[in-house]
Structure formats: structure tokens, C-alpha cells
Amino acid sequence: RKEVEQDPGPFNVPEGATVAFNCTYSNSASQSFFWYRQDCRKEPKLLMSVYSSGNEDGRFTAQLNRASQYISLLIRDSKLSDSATYLCVVSPTGKLIFGQGTTLQVKP
Amino acid sequence: GAGVSQSPSNKVTEKGKDVELRCDPISGHTALYWYRQSLGQGLEFLIYFQGNSAPDKSGLPSDRFSAERTGGSVSTLTIQRTQQEDSAVYLCASSLSAGSYNEQFFGPGTRLTVL
């Protein structure tokens with residue numbers, strides 16, 4: 001079983017849609033949680049950190065449920081430029097453990 | 001300012017040859033990480049360095065893989081006797097210090113193809 005599991009998708013949604021991604025992790029000692037974004041043939045870039053209290057950055061909302069070991073990302077009012085792969089990431093120590101990524105394609 | 005740089009951007013080699021991949025972290029970042037991304041495996045951790053501490057090598061897949069970081073800055077990842085399954089994009093990242101809460105900034109990667 002992978003340490004971080006995500007639905008690979010692809011999620012195909014129209015512009016303006018709301019889309020949600022989920023992931024689960026197996027290491028209960030994980031301390032930090034992130035969503036990274038990766039565009040095709042580019043390096044991953046931090047989208048946002050995820051906190052138990054939930055956090056929002058514009059159209060993006062991330063949630064963490066430590067008891068269920070579950071992380072979510074909600075994107076509202078999808079834009080064409082949101083098309084990318086979204087990587088769920090946990091960090092039990094300094095290193096990052098990545099999920100396989102969920103591919104989002106936003107269509108006009 | 002300058003981000004993480006890696007060289008070469010692409011490397012094609014023959015099975016059995018040794019390769020060296022280079023990473024220049026962001027100036028002032030004390031932690032440096034190597035990951036690789038291959039089809040079907042996603043992104044996986046290889047090794048990380050933090051200052052003068054012993055590196056965490058727990059992700060290296062075999063003893064053909066090694067890395068060093070000289071002078072606390074530039075790092076070299078060496079793969080000896082390359083195999084076709086070593087083909088992947090090798091990504092380097094750096095952060096201000098090691099620790100779960102510090103953002104890691106990634107370089108553009110080196111695409112390695114082993115024929």
C-alpha cells in the first residue's frame with residue numbers, strides 16, 4: 001500500500017466548476033501536509049500548506065482530518081489555468097512523501 | 001533571486017555507464033534533497049542533506065546510487081552502472097533548513113534516459 005493515496009483522475013470539468021480532490025495517508029506520525037501543483041514537464045511547486053483548522057487561499061481551500069488521516073483540496077470557480085496535476089504531500093520528517101497526483105483538466 | 005539549478009537538463013547514456021547529476025541550491029539554503037520521478041512510480045524521495053549532519057539516505061534504491069554535498073552547497077548525485085529502470089527525471093530541491101514546515105523549492109530536473 002502506498003504511503004499517500006490519491007485518485008489519479010483525470011478530472012475533466014468546465015470552467016467555473018467546483019472540484020474537490022482527496023487523499024489519504026498511512027503514517028500517523030506525519031507532521032506537515034501540503035498540496036503541490038505540477039504542470040506538464042515542469043517541477044512541482046507548493047500550492048498551499050494544509051492545517052487541521054483548514055485554510056483558504058483565494059479560490060483554494062485545504063482541509064486536514066488527522067483522525068481519519070485524510071486531506072482534501074477544493075477549487076472553486078475553476079479557471080483554464082488550473083489545469084495541472086495536484087500532488088498530495090505529507091512530511092513525517094524533513095523529506096516529502098508524494099501521492100501519485102490527480103490530474104485536472106478544465107475545459108472552456 | 002536565482003532558484004535551484006540542475007545540470008545537465010537531459011542526459012542519455014548507455015546501460016552500464018556511470019552518470020553524475022549536479023544540483024546548485026538556492027543561496028543560503030542549508031537543506032538539499034534529491035527526488036526522482038518516473039512513469040508509474042510518481043515522485044519518490046532519494047536522499048537529503050542538512051548542514052553538516054549525516055545525510056538521510058533512506059530512499060536510495062540501491063548501492064549504485066550515491067550523493068555528496070561539498071562545502072554545504074553544490075550536490076552531485078552519482079549513479080553507477082546505470083540500468084534501464086534508472087530512467088527518470090531526477091529533481092533536486094532546497095529549503096532554508098530541514099524540517100517538515102519549510103517549503104522546498106524544486107529545480108527543473110535532469111531527464112535521464114538509459115538505453
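Per chain, numbering begins at 1; letters A, B, ... match sequence-line order.
- Within 6.0 Å of the CG atom in B:L39, the count of heavy atoms belonging to other residues, nucleotides or ligands does not exceed 12.
- For B:Q37, the part sitting under 4.5 Å from any heavy atom of chain A is the side chain, from C-beta outward, and nothing else.
- Residue contact with chain A, scored on non-hydrogen atoms closer than 4.5 Å, is absent for B:S95.
- Residue B:Y35 touches chain A through its side chain alone, counting heavy-atom pairs closer than 4.5 Å.
- Separation of atoms OG1 (A:T93) and CZ (B:F45) is listed at 7.0 Å; rounding is to 0.5 Å.
- B:L21 is not connected to B:V4 by any chain of hydrophobic side-chain contacts under 4.5 Å among Ile, Leu, Val, Met, Phe, Trp and Tyr, and they are in different clusters.
- A:S91 has its side chain out of reach of B:Q104: every pair of non-hydrogen atoms, C-beta onward, lies at least 4.5 Å apart.
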| said: Assess the residue pair A:Y36 and B:F106 against the criterion (side-chain contact (heavy atoms from CB on, under 4.5 Å)); give the C-alpha distance rounded to whole Å, side-chain angles, the decisive distance to 0.1 Å, and a yes or no. | reply: CA-CA 11 Å; A:Y36 274 71; B:F106 284 80; 3.7 Å; yes

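- Rounding to the nearest 0.5 angstrom, the gap separating the NZ atom in A:K45 from the CD atom in B:E103 is 10.5 Å.
- Heavy atoms closer than 4.5 Å to chain A are found in both the backbone and the side chain of B:L43.
- Under a hydrophobic-cluster definition in which Ile, Leu, Val, Met, Phe, Trp and Tyr are linked whenever side-chain heavy atoms come within less than 4.5 Å, directly or via other members, A:L87 and A:F34 are assigned to the same cluster.
- Counting heavy atoms from C-beta on, the side chains of B:N102 and A:S32 never come closer than 4.5 Å.
- Cluster annotation: B:I26 is not connected to B:L96 through the hydrophobic network of ILVMFWY side chains, with a link wherever side-chain heavy atoms come within less than 4.5 Å.
- Counting only distance, with no hydrogens or angles, the side chain of B:E44 and the backbone of A:I97 share no donor-acceptor pair below 3.5 Å.
- Taking a 6.0 Å sphere around OH of A:Y70, one finds it holds more than 12 heavy atoms contributed by other residues, nucleotides or ligands.
- Rounding to the nearest 0.5 angstrom, the gap separating the CG atom in B:L91 from the CD atom in A:E43 is 7.5 Å.
- B:Y90 and B:L115 fall into different hydrophobic clusters, defined by Ile, Leu, Val, Met, Phe, Trp and Tyr side-chain heavy atoms under 4.5 Å apart, directly or through other members.
- In this structure, A:I71 is a member of the same hydrophobic cluster as A:M48, with clusters built from ILVMFWY side-chain heavy atoms closer than 4.5 Å.
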